[in-house]
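In what follows, a structure is listed as structure tokens, so that the remarks can point back to it.
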Amino acid sequence: MAEEPGAESPLLNQMMSEAFDWSDQKLPVRDAIWDYYMEKNDHDTLKTEKDVEPYMNMSTDDLKSKAEALLKK
């Protein structure tokens with residue numbers, strides 16, 4: 001079933017360990033992305049909000065590849 005354009009990807013709510021075989025984190029993908037940007041932005045919520053916003057409307061495929069590039073260590 002195709003995703004609706006602009007709809008939030010269900011991947012955002014999956015646990016990192018379920019979404020990525022390289023992760024053992026037990027937090028949702030959305031929280032991992034948020035935490036990454038909070039650290040990067042010296043805990044500035046407004047900057048983090050702006051950085052995270054594009055992830056909320058990405059397709060699952062785009063989100064998965066961008067999250068992997070961002071979070072895989």
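Residue numbers run from 1 in the order of the sequence given.
The minimum heavy-atom distance between M16 and S23, with the atom names listed, is CB-OG, 3.4 Å. Nearest heavy atom pair, residue V29 against residue A67, reads CG1-CB, 4.4 Å.
At a threshold of 4.5 Å between non-hydrogen side-chain atoms, the residues V52 and M56 count as touching. Within the 4.5 Å cutoff, no side-chain heavy atoms of E8 are placed close to those of N57. Taking 4.5 Å as the limit, some side-chain heavy atom of L27 sits within range of a side-chain heavy atom of D35. Y37 places none of its side-chain heavy atoms less than 4.5 Å from the side chain of E49. No side-chain heavy atom of P28 sits under 4.5 Å from any side-chain heavy atom of L12. Side-chain contact between W34 and Y55: absent, with no pair of heavy atoms (C-beta onward) separated by less than 4.5 Å.
L71 and L11 fall within a single hydrophobic cluster, where Ile, Leu, Val, Met, Phe, Trp and Tyr are joined by side-chain heavy atoms under 4.5 Å apart, directly or via other members. Both W22 and I33 are assigned to one and the same hydrophobic cluster, defined by single-linkage of ILVMFWY side chains at heavy-atom distances under 4.5 Å.
Both cation-pi conditions hold for K64 and F20: the charged atom is under 6.0 angstrom from the six-membered ring centre and inside a 45 degree cone around its axis.
Interatomic distance, M58 CE to E53 CD, rounded to the nearest 0.5 Å: 11.0 Å. Separating the OG atom in S9 from the CG atom in L63 is a distance of 5.0 Å, to the nearest 0.5 Å.
For K26 and E18, the salt-bridge test fails: no basic side-chain N is under 4.0 Å from an acidic carboxylate O.
Between the side chains of N41 and T48, at least one donor N or O sits under 3.5 Å from an acceptor N or O.
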